[in-house]
Protein chains: 2
Amino acid sequence: MSTIYDVAELAGVSPATVSRVFNGTSVSEEKVAAVRDAAARLNFTPNRTARTLRRQSSEVIALVIPDIENPYFTEMARGVEDVASEAGYSVVLCNSDAQVEKEATYLRIAIAEHMSGIIIATADEHTDLDSVLATGRPVVAVDRGTDYDIDEVVMANRAAGTSATKDLIDAGYRRIAYIGGPEHIDTAAERAAGWRAVLGASRPELDLDELARFATFRVDGGRAAMEELLALPDPPDAVVAGNNLIGVGAIQVLTEHGLTPPQVGVAVIGSLPFTTLSPTAVTVVRLPARHMGVTAARMLLERIGGDAQPARTVVLRNEIQSASVIRG
Amino acid sequence: MSTIYDVAELAGVSPATVSRVFNGTSVSEEKVAAVRDAAARLNFTPNRTARTLRRQSSEVIALVIPDIENPYFTEMARGVEDVASEAGYSVVLCNSDAQVEKEATYLRIAIAEHMSGIIIATADEHTDLDSVLATGRPVVAVDRGTDYDIDEVVMANRAAGTSATKDLIDAGYRRIAYIGGPEHIDTAAERAAGWRAVLGASRPELDLDELARFATFRVDGGRAAMEELLALPDPPDAVVAGNNLIGVGAIQVLTEHGLTPPQVGVAVIGSLPFTTLSPTAVTVVRLPARHMGVTAARMLLERIGGDAQPARTVVLRNEIQSASVIRG
DNA sequence: CTGAAAGCGCTAACAT
DNA sequence: ATGTTAGCGCTTTCAG
């Protein structure tokens, strides 16, 4: 690999001039040409590591997510990436696998690699951001809140739970169960609270605790919980799924039991990007994941640019796509 | 951020000793303790950039994929990540978005950041790897072949096309269409060839060109092609989908037309991780994506370790999960 | 086993 | 506008 010294020598200028050419400061026409020519001839690529070491910052941002296989997060990643690359930043995707230790490792890497900012959907409500924040790096929380006073972009989780449940009630379902993610994750708790409030008011006779299940935010979690609910002495006639993957799991189990929606009502919080269901069979509360990524990236870029206004919380509105079935 | 000099001073040793402690070379018990203690007290994190600059290599590998929203690639990414992190490497995920320019940018970054190796599912058959290879960095191609003599891990694409088609024939379908990815991508071409060979032999009366469609490897591609096929004067009674997303699109359109599988036969090359279909409705040729990632990562790590044997090609066997429907 | 010192490639004062 | 030079933080000879 050639260096700016090689280029400088071939072009007959100083290394500093080469650096200037690659950084857009004022250099005379002719020297620019000479440098570019020499660089091309040597197949020169500036060494980012050296540059980063010198500048103490790099044009890369870390995006830490708990499940890279969840389309919700990859859709968000797309949003982040589009904004970032537009601004000349690359984004490094880190999969914490919902494990605090892995998450901590990636956070450490982000610091050690001088990345200029972090967008994180935390693995745990109490993720420790002390050391990152101590370095002065901006951090934007997405999807889930944190214990810190930082920018965050979240969904209207409670509203999502509310409207999903209401839709099922309007469609005529009565015993509406809920399968959510781990209770200690605030999004999961909020969505459940929405369901609880609506159903408690509308169907006071129901034992809500019997109808609520808290699983992992994954397909197998949804499957297991749905099996449990179906095994109840008095099984539910509808279910609200706390996220996309839980929804998939629940629908799979229902289908296997010959209870294809809308035979049993299903409302899913989150989009089902790869579903092959008829769009009228299941109610979907669309969560604007891409938009979340876009918003978070913009905010982060602002902070990287030096913006020091107080921390903001953006709550993204969701959009319900109701199953058009009216029941009994 | 504190440096080894700070730690050295606090611990009463030289910077070199601090470095040795963090790199596992022989240092006396007591000094190790002193250094660790000082480091902890200063909340010291080694600066990877400096280390990389000095060592001319970093423990990160780049994984370049054409579509981060395709579960096939994220599943593969998981495999790569598991192996890599086991070996102390972190993996940086780069989404080329099937664009050669974006891909080239990420390749450039990989070089400039001194990443120690690259796993790539190319955006284009003729992706230019010259500059990467010129640096001596190992590159492993996954999913798709390249013009270069490098390690590759691919699926048994032709066989996938063959068995998908055979299964549909065995189930009694007659006019079996094919929707594949862009013809210039070798995987797409091979899968199509499998379909063509089987169908040509078994149903010589069919006009294969009429029944073949080449789309993007995405849901909308599958949708558009399926619509076209259904609009044919004599529409097909079955279809082979060239990848998972095309399959999803095709099934969506069929469902919307009231032609839910297995009313029209569907065989998909690639797993459908988030479908809610009954498993007996659609034939799936499972592609071991995770395994592909694991294999590629292992090979890359070997190369990084200095292994210089001739380039290998690993072809991964697939597994068919037949729809258990027998027709006519 | 330990320390001193050079240097990885680049940028940013500081001169000129 | 351009060149000179001093590091950024770390690893790694080379001495001792």
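To find a chain, count down the sequence lines: A is the first, B the second, and so on, and within it residues start at 1.
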**Student:** With A:Arg290 as the cation and A:Tyr72 as the aromatic partner, state whether NZ or CZ is under 6.0 Å from the six-membered ring centre and within 45° of the axis.
**Tutor:**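 No, A:Arg290 and A:Tyr72 do not form such a contact.
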**Student:** If you take all heavy atoms of A:Leu129 and A:Tyr148, which pair is closest and at what distance?
**Tutor:**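 So the two residues come closest at N-OH, 2.9 Å.
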**Student:** Rounded to whole angstrom units, what separation is found between the CG atom of A:Leu53 and the P atom of D:dA6?
**Tutor:**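 The answer, rounded to whole Å, is 17 Å.
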**Student:** Both B:Asn47 and A:Lys31 contact DNA chain D. Taking the nearest nucleotide for each, which residue is further toward the 5' end?
**Tutor:**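 By nearest-heavy-atom nucleotide position, the 5'-most residue is A:Lys31.
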**Student:** Please tell me if the side chains of B:Met155 and B:Pro288 come closer than 4.5 Å, counting only heavy atoms from C-beta onward.
**Tutor:**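 Yes, close enough: below the 4.5 Å cut-off.
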**Student:** Roughly, in whole Å, what's the span from CD in A:Glu9 to C1' in D:dG3?
**Tutor:**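 Going from A:Glu9 (CD) to D:dG3 (C1'), I get 15 Å.
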**Student:** May I ask you to verify if any side-chain N or O of A:Thr17 is less than 4.0 angstrom from the OP1 or OP2 atom of D:dG3?
**Tutor:**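 Yes, because at least one side-chain N or O of A:Thr17 sits under 4.0 Å from OP1 or OP2 of D:dG3.
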**Student:** What's B:Val18 touching, base or sugar-phosphate or nothing? Going by heavy atoms closer than 4.0 Å.
**Tutor:**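 Touches nothing.
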**Student:** Please determine if a side-chain N or O atom of A:Ser14 lies less than 4.0 Å away from the OP1 or OP2 oxygen of D:dG3.
**Tutor:**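 The answer is yes; a side-chain N or O of A:Ser14 sits under 4.0 Å from OP1 or OP2.
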**Student:** Pick out which of B:Leu301, B:Thr295, B:Val294 makes a side-chain contact (heavy atoms from CB on, under 4.5 Å) with B:Arg298.
**Tutor:**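 The residue from B:Leu301, B:Thr295, B:Val294 that satisfies side-chain contact (heavy atoms from CB on, under 4.5 Å) with B:Arg298 turns out to be B:Val294.
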**Student:** Check step by step if side chain to side chain donor-acceptor pair (under 3.5 Å) holds for A:Ser14 and A:Thr17.
**Tutor:** CA-CA 5 Å; A:Ser14 78; A:Thr17 299; 3.3 Å; yes
**Student:** Between B:Ala16 and A:Ala16, which residue's closest nucleotide on DNA chain C lies nearer the 5′ terminus?
**Tutor:**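 Nearest nucleotide further toward 5': that of B:Ala16.
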**Student:** Is the cationic atom of A:Arg36 (NZ for Lys, CZ for Arg) positioned less than 6.0 Å from the six-membered ring centroid of A:Phe22 and within 45 degrees of its normal?
**Tutor:**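 Output yes; distance and angle both within limits.
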**Student:** Shoot me the first and last contacting nucleotide of DNA chain C against chain A, ordered 5' to 3', at under 4.0 angstrom to non-hydrogen atoms.
**Tutor:**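 Both ends considered, the range comes out as C:dG9 to C:dA13.
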**Student:** Could you tell me the separation between the CD1 atom of A:Ile4 and the P atom of D:dT4, rounded to a whole number of Å?
**Tutor:**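 So the two atoms are 13 Å apart, to the nearest Å.
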**Student:** Base, sugar-phosphate, or nothing: which does B:Arg20 touch, judged by heavy atoms less than 4.0 Å apart?
**Tutor:**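 If one applies the 4.0 Å heavy-atom cut-off, B:Arg20 turns out to touch a base.
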**Student:** Report the distance from atom CD of A:Glu113 to atom P of D:dG9, rounded to the nearest whole Å.
**Tutor:**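 So the two atoms are 15 Å apart, to the nearest Å.
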**Student:** Can you tell me how far C1' of D:dC10 sits from NE2 of B:His114, to the nearest Å?
**Tutor:**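 Roughly 13 Å, once rounded to whole Å.
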**Student:** State, to the nearest 10°, the angle formed by the axis through the first five base pairs of the helix from C:dC1-D:dG16 to C:dT16-D:dA1 and the axis through its last five.
**Tutor:**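 Result, rounded to 10 degrees: 30°.
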**Student:** Can you find a side-chain donor-acceptor pair between A:Thr146 and A:Glu152 that sits under 3.5 Å?
**Tutor:**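 No, because no side-chain N or O of A:Thr146 sits under 3.5 Å from a partner of the opposite role on A:Glu152.
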**Student:** Taking N and O atoms by type only, does the side chain of B:Tyr5 place a donor or acceptor under 3.5 Å from a partner on the base of D:dC10?
**Tutor:**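 Counting by modelled atom types and ignoring angles, a donor-acceptor contact under 3.5 Å is found here.
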**Student:** Looking only at non-hydrogen atoms, find the nearest pair between A:Ser116 and A:Pro138 and report the distance.
**Tutor:**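 Minimum heavy-atom separation between A:Ser116 and A:Pro138: O-CD, 3.3 Å.
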**Student:** Please state how far atom CD in B:Glu59 lies from atom P in D:dC10, giving the value in whole angstrom units.
**Tutor:**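 That distance rounds to 15 Å.
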**Student:** Counting heavy atoms from C-beta on, name the nucleotide in D:dA6, D:dT2, D:dT11 closest to the side chain of A:Arg54.
**Tutor:**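 Closest of the options to the side chain of A:Arg54: D:dA6.
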**Student:** So what does B:Phe44 hit on the nucleic acid, given a heavy-atom distance under 4.0 Å: a base, only sugar-phosphate, or nothing?
**Tutor:**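 Result for B:Phe44 = sugar-phosphate.
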**Student:** Counting any heavy atom closer than 4.0 Å, what does B:Ser19 reach on the DNA or RNA strands: base, sugar-phosphate only, or nothing?
**Tutor:**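 The answer is base, as B:Ser19 lies within the cut-off (heavy atoms under 4.0 Å) of a base atom.
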**Student:** Specify the separation, in whole Å, of atom CD1 of A:Ile111 and atom P of D:dC10.
**Tutor:**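 That distance rounds to 13 Å.
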**Student:** So for atom CD, which belongs to B:Gln56, do other residues, nucleotides or ligands contribute more than 12 heavy atoms lying within a distance under 6.0 Å?
**Tutor:**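 Yes, CD of B:Gln56 has more than 12 neighbouring heavy atoms, counting only those of other groups under 6.0 Å.
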**Student:** Going by atom types alone, do B:Arg144 and B:Asn157 pair a side-chain donor with an acceptor below 3.5 Å?
**Tutor:**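 Not at all, the side chains of B:Arg144 and B:Asn157 share no donor-acceptor pair under 3.5 Å.
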